[in-house]
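Down below is the structure, laid out as structure tokens.
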Amino acid sequence: MSKLESITTNKAFGGVQGVYRHQSGATGTTMTFSVFVPDHAPGTTLPVLWYLSGLTCTHANVTDKGEYRRACAEAGIIFVAPDTSPRGEGVADDAAYDFGQGAGFYVDATEEPWAPHFRMRSYIEDELPALIAAEFPADMSRQGITGHSMGGHGALTIGLRGAGRFRSISAFAPIVSPLNCPWGEKALGGYLGADRGAWRSYDACALIADGARVPDLLVDQGDADQFLTEQLKPELLREACDAAGIALTLRLQPGYDHSYYFISTFMADHVRWHAERLG
């Protein structure tokens, strides 16, 4: 396992907010992430809530603007925020904001030039959890996952594929069906190739249609979100969950857009929702 390097640590709400980096075997690059660990008794372990960020973001967006620390401190939950893609010299990129660095879509790419480094599925599902378990007081039997936009897509798909691992799954304005929106068609086609059958494991609605089951989901969506109609399409998730008998709480929030003003407003609700399920 790669050595963990501490970049910054700050006391917050009685706990510690840290930013760390390590050399990733999955991506072949240096990866940076943040972790908030609430105050806790020596020798105790705490449940973990993963937060996956959206297009153009790094770990820093939610760390600086997500307003999760008070709620996590009160609930006794570790909050982990990874980056959205590999970065650095020699890593393939694209001039567009919605592809390449900053837009990993939480897939393991199979197409060149993306395949060597764009392995965010393996990084989030396997490598980083092992590092968190080894370096922090984490109870890995109690994990939840959430995310925003592209990260909401990641949270839903990783959560649905790992239903035995995650006790709770939520999302803020997620891309619910990359098979049916321009962002998803561009990203999955570019990273995975033209075979749309290979895309299904990266589409929450397709995963549910193909048999993935969880007890319940929480999704918040602003009704003033500029991406609501063309890219996000929460009604498709509603239809998939209704057909599968999954209890979906889909809250359309009046007047809210796609920004961290929206996310920070409802972040504490999500932390508390996860806390009820993480015990």
Side-chain angles (χ1 to χ4, degrees), residues 15 33-38 40 44-54 62 66-82 106 121 124-126 128-130 132-133 136-176 201-205 207-208 211-221 234 237-238 240-242 244-253 262-279:
F33 61 95
S34 75
V35 181
F36 174 69
V37 179
H40 59 285
T44 60
T45 57
L46 305 173
V48 177
L49 179 58
W50 296 85
Y51 178 91
L52 305 185
S53 294
V62 70
E67 299 185 25
Y68 55 83
R69 278 173 285 269
R70 181 186 296 276
C72 286
E74 292 172 351
I77 291 176
I78 294 172
F79 190 96
V80 180
Y106 305 99
R121 174 179 177 174
I124 299 296
E125 290 185 346
D126 301 318
L128 188 55
I132 296 298
F136 298 92
D139 180 354
M140 304 304 281
S141 70
R142 294 186 291 161
Q143 296 183 72
I145 191 166
T146 188
H148 170 234
S149 193
M150 178 187 73
H153 140 76
L156 291 173
T157 55
I158 290 171
L160 286 163
R161 290 195 306 263
R165 169 184 166 191
F166 295 100
R167 294 192 185 183
S168 52
I169 307 167
S170 76
F172 300 87
I175 304 169
V176 304
S201 63
Y202 297 108
D203 183 297
C205 295
L207 284 166
I208 292 170
R213 295 292 181 269
V214 292
D216 53 5
L217 298 168
L218 170 64
V219 171
D220 272 304
Q221 171 66 63
L237 183 63
R238 165 65 73 194
C241 287
D242 285 349
I246 295 173
L248 170 65
T249 300
L250 174 59
R251 306 192 303 189
L252 201 62
Q253 303 291 359
F262 157 64
I263 298 165
S264 63
T265 299
F266 300 102
M267 179 65 82
D269 285 356
H270 281 243
V271 171
R272 289 189 289 265
W273 186 87
H274 285 276
E276 290 175 357
R277 288 151 180 81
L278 295 176

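Shown here for Leu156 and Pro174, the closest heavy-atom pair between the two residues is CD1-CB, 3.8 Å. When all heavy atoms of Val37 and Pro137 are compared, the closest pair comes out as CG1-CG, 3.9 Å. Between Ala75 and Val271, the shortest heavy-atom contact is CB-CG1, 4.5 Å. What you find for Val214 and Ala163 is that their closest heavy atoms are CG1-CB, 3.9 Å. In terms of heavy atoms, Gly279 sits closest to Arg142 at O-NH1, 2.9 Å. Taking both residues in full, the closest heavy atoms of Ala212 and Ile246 are given as O-CD1, 4.0 Å, listed atom of the first, atom of the second, then distance.
Applying the side-chain contact (heavy atoms from CB on, under 4.5 Å) criterion to Ala173, with sequence neighbours excluded, gives His148, Gln221, Asp225, Leu232, His258, Phe262. For Thr265, the side-chain hydrogen bond (donor to acceptor under 3.5 Å, both in side chains) criterion is met by no residue, not counting sequence neighbours. In this structure, Asp126 has no salt bridge (Lys or Arg N to Asp or Glu O under 4.0 Å) partners at least two apart in sequence or on a different chain.
For the atom pair CD1 of Ile145 and CG of Leu52, the computed distance is 4.5 Å after rounding to the nearest 0.5 Å. Taking OG of Ser149 as the start and CD1 of Ile263 as the end, the distance is 8.5 Å to the nearest 0.5 Å. Rounded to the nearest 0.5 Å, atoms CZ (Arg161) and CZ (Phe166) are 9.5 Å apart. Here the straight-line distance linking atom CG of Leu248 with atom CG of Asp242 works out to 7.5 Å at 0.5 Å rounding.
Contact check for Ser170 versus Leu217: no side-chain heavy atoms found under the 4.5 Å cut-off. Within the 4.5 Å cutoff, no side-chain heavy atoms of Phe172 are placed close to those of Val62. Using a 4.5 Å cut-off on side-chain heavy atoms (C-beta onward), Met150 and Ile175 make contact. Inter-residue side-chain proximity for Thr157 and Tyr106 is flagged as unmet; no heavy-atom pair is nearer than 4.5 Å. Looking at heavy atoms from C-beta onward, Pro47 lies out of side-chain contact with His274 at the 4.5 angstrom threshold. Within the 4.5 Å cutoff, the side chain of Leu237 has no heavy atoms near those of the Leu250 side chain.
Looking at Arg251, its side chain never comes within 3.5 Å of a backbone N or O of Leu218 through a donor-acceptor pair. No donor-acceptor pair closer than 3.5 Å links the side chain of Arg69 to the backbone N or O of Gly15. Gln143 contributes a side-chain N or O that, together with a main-chain N or O of Met140, makes up a donor-acceptor pair within less than 3.5 Å. The backbone N or O of Ile208 lies less than 3.5 Å from a partner atom in the side chain of Arg213, making a donor-acceptor pair.
With Phe79 as the partner, the ring pair (Phe, Tyr, Trp, His ring centres under 6.0 Å) test is satisfied by one option alone out of Tyr68, Phe36, Trp50, Phe33: Tyr68.
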Original post:
Can you list the steps and then say if Thr146 with Trp273 is a side-chain contact (heavy atoms from CB on, under 4.5 Å)?
Top reply: CA-CA 11 Å; Thr146 188; Trp273 186 87; over 6 Å; no
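With a 6.0 Å radius and a threshold of 12 heavy atoms from other residues, nucleotides or ligands, Arg277 has its CZ atom above the threshold.
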